[in-house]
Amino acid sequence: MLFGMSWDLTNDWTFAWSIIPMLLIGMKITIIATIFGFLIAMTLGLVFALARSAPTRFISWPVGFVIEFVRDTPLLIQLFFIFYVLPSSTGITLPALEAGILALGVQYSAYCSEVYRAGLQAVPNGQWEAARALNLSTWQTYRDIVIPQAIPRIIPALGNYLVSIIKDTPILSAITVMEVLHVANIIGDRTYRYMVPITMVGILFLILTLISAGFVKFIEKRLPRAGIAVK
Amino acid sequence: MKPIVRFDKVTKSFGDTVILRDFDFELTPGERVVLMGPSGSGKSTVLRILMTLEDIQDGVVYIDDEPLWHEGVGNNLKPASDKHLRKMRGNVGMVFQHFNLFPNMTVLRNIIEAPMKVLKLSRKEAEARADELLARVGMSDKREAYPNSLSGGQKQRVAIARAMAMRPKLLLFDEPTSALDPEMVGDVLQVIKDLAAEHDLTMLIVTHEMGFARDVADRVCFFCDGQILEQGAPSKIFTDPAEDRTRQFLRMVLHEEPASEAS
Ligand SMILES: Nc1ncnc2c1ncn2[C@@H]1O[C@H](COP(=O)(O)OP(=O)(O)OP(=O)(O)O)[C@@H](O)[C@H]1O
Ligand SMILES: [Mg+2]
C-alpha cells in the first residue's frame, strides 16, 4: 500500500500496471520541482549575471563569490543547508518540496548566470556604443537591445540545464521529497521487487527529458537569429 | 564666433601609451571639418572623446563653453557625473564605420527608439520625424525592413537618419564609407552632402575621400601622431600642402583609394 493504493503482484505486467498511478503521483512532484526550480534558476540567474557585471565592485565581487561558491559545491550541500541549517539558524522553516525547489533554483541560477553572462558579452560592443551615442540609459540598452539579442544565444544552453535539472530532482529524496524515484524505491522496499518500478522510472525520465529537449528545439527554431524583435 | 567644440590641452592615454598630448582643437558652429591622417594617429579617439565613449586624462573639452568631461567652473572642475554626461551627450550624435544598427529592430524602430525613450516624444511625433528623415536618405521603402536585409550603404543611410533623429548640434562621422563596397560609397556621401547643404549642423568627419572633402569641408585637418600637423581650406591642403608628411600621405591615399575602399 502506498498513497492508499495497493499493487497487484500476480506477475510483472500486472505489477507494472498497478503501480502506474503511484509513480504518476511521484512524477507530478518531479515535474513541479523541475518547473519551479528552473523558473527560479532563470530569474535569479539573470539578477546574478547583471549584478556581477555591475560597475561597482561592492556589488560585483560579493555576487561573484556567491556564484562561485554555489557552482563549486554539491547540490546536496545547498539542499541540507536550506532544509536543516536555515531553520536552526534563522528560524525560517520550509516544507521539504519548497526547500528542494529553492535548492535546485539556487544551484542552477549559478549555472544560468554564467550562460547569461556569456550571452550578454557576445553582443558586440558597437551595440553599446550606438546606444550610448543615442543617450539611451544602461537599463534601456539592456532591455531593448542587449538582452533581446542575447536570448537566441542563451536558449540552447538553458535548454541543456533544463534537462539536467530534471535529472537532478532525485537528489531531493534525501530530504524526504516524494519525487518519482523515491516513490519507486518505497514500492521496491515494500514488495522486494525493484526491477519493475526502477525500470519504469527510467523510462519516465527518458520521456520527460525527450519532451523537454523537443520543447527547447521548438523554441530555438522560432527565434530569429538577430534577436527578439522589439516592436 | 564662440567655438562649439574646444579641446584645451587634452591628454588621452591608454595605459602607458599616450595618444593625445596637450591637444588643442576648435570647431565653430556650423563648420564642416574633415580629419585625415594615417592609421592609428588618433582620429577616432578625438571623435570618441566627443561622443563620451572615451574619457580623458588631462585638460578640458568644452562643448558650447561647458566642460564635457567635468563639472563646475574655472579652476574648480571635478569629474563629470553620469547626469552631466547624459545632458552633454544630447548635443552630439555619431555615425560609425560599421553602422551599429540594432539588428533586433526594424529600420523605423531603430530611428524612433531614442527619440521616444530619451526625448520622450510620442510615437506619432517620433514616427513623423523618422519618416521625414527616411525620405531624405532615400530609405522610405525599407521602413519595416530589418537591418540584416539591407546592403551596407543602406544600413549607413539608416544610421545617419537615426543619428539625425536626435537633432544633435554636432554630428560626428567616423569613416562612414570605409566599410562599404565601392559602388555604395557615392550614395552615402551624397546623403551627407545633402544634410550639410540643408542644415546648419556642425560636422566633424573622419574620411579619406578627397573629392567628398573638397565638396563639403570648410577646413581639412591633417592629423598625425595625435597632433594637427597642418590645416586649411581643402583647396589649399590638397593642392599645395606645406608639410612633406601631408604630401606623402595624400599621394598614398590617392594611389590606394580604389584598393583600400574595396577591402
Ligand atoms: N581601447 C584601446 N586600448 C588601447 N589602445 C587603443 C584603444 N583604442 C585605440 N587605441 C590606440 O590608440 C591609437 C589611436 O587609435 P584611433 O582609433 O584613434 O586611430 P585612428 O586615427 O582612428 O586610426 P584608423 O585610421 O586606423 O581608424 C592607436 O594606436 C590604437 O591602437
Ligand atoms: Mg579610426
Side-chain angles (χ1 to χ4, degrees), chain A residues 42 46 49-51 53-60 115-158 219-231, chain B residues 44 47-48 50-54 82-83 85-106 108-120 123 144-150 155 158-159 161-168 170-174 179:
Chain A
M42 289 201 301
L46 184 59
L50 296 181
S53 58
T56 64
R57 279 179 223 161
F58 296 104
I59 301 176
S60 61
V115 170
Y116 289 130
R117 206 161 67 109
L120 294 174
Q121 276 176 355
V123 174
N125 204 29
Q127 295 288 304
W128 279 101
E129 294 188 347
R132 172 80 66 90
L134 293 167
N135 225 343
L136 292 164
S137 69
T138 305
W139 166 239
Q140 287 165 335
T141 308
Y142 267 123
R143 190 193 52 200
D144 293 342
I145 296 156
V146 175
I147 292 177
Q149 289 179 47
I151 284 175
R153 303 174 220 255
I154 287 172
I155 298 280
L158 283 188
I219 293 185
E220 264 176 57
K221 277 222 182 83
R222 318 206 126 215
L223 289 173
R225 269 200 311 135
I228 304 296
V230 176
K231 288 276 182 276
Chain B
S44 297
L47 265 53
R48 292 168 58 81
L50 285 169
M51 196 63 260
T52 68
L53 299 175
E54 298 286 356
D82 279 349
K83 190 164 161 257
L85 288 175
R86 282 203 88 182
K87 188 189 98 188
M88 296 303 288
R89 221 178 266 145
N91 296 308
V92 189
M94 183 155 177
V95 174
F96 299 87
Q97 181 174 2
H98 296 285
F99 334 121
N100 299 350
L101 292 179
F102 306 130
N104 59 316
M105 298 179 182
T106 60
L108 177 69
R109 182 77 212 196
N110 263 277
I111 299 173
I112 63 175
E113 173 78 4
M116 282 171 61
K117 299 278 164 65
V118 179
L119 306 181
K120 310 286 179 207
R123 190 173 184 116
E144 303 299 332
Y146 280 87
N148 287 350
S149 69
L150 304 180
K155 283 182 192 165
V158 172
R162 180 176 71 173
M164 288 293 292
M166 295 299 279
R167 307 250 163 103
L170 169 66
L171 191 50
L172 311 167
F173 294 84
D174 193 0

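Just so we're clear, the structure is a prediction, and the values are computed from it rather than from any experiment. As a basis for the values below, the full set of heavy atoms in this structure was taken, side chains included, without hydrogen atoms, waters or symmetry mates. Order of the sequence lines fixes the chain letters, A, B, ..., with proteins taken first and strands second; residue numbering starts at 1 for each chain.
Chain A forms more heavy-atom pairs under 4.5 Å with one residue of Met51(B), Met166(B), Arg86(B) than with any other, namely Arg86(B). In terms of heavy-atom pairs under 4.5 Å with chain A, the best-connected choice from Arg48(B), Arg162(B), Lys117(B) is Lys117(B).
Contact annotation for Leu108(B): neither backbone nor side-chain heavy atoms come within less than 4.5 Å of a heavy atom of chain A. With a 4.5 angstrom heavy-atom cutoff, Phe96(B) touches chain A only via side-chain atoms.
With a 4.5 Å cut-off on side-chain heavy atoms, Val146(A) and Leu120(A) count as touching. Side-chain atoms of Tyr146(B) and Met105(B), non-hydrogen and from C-beta on, never get closer than 4.5 Å to each other. With a 4.5 Å cut-off on side-chain heavy atoms, Leu172(B) and Leu50(B) count as touching.
Going from atom OH of Tyr116(A) over to atom CD1 of Ile147(A) covers 9.0 Å, rounded to the nearest 0.5 Å.
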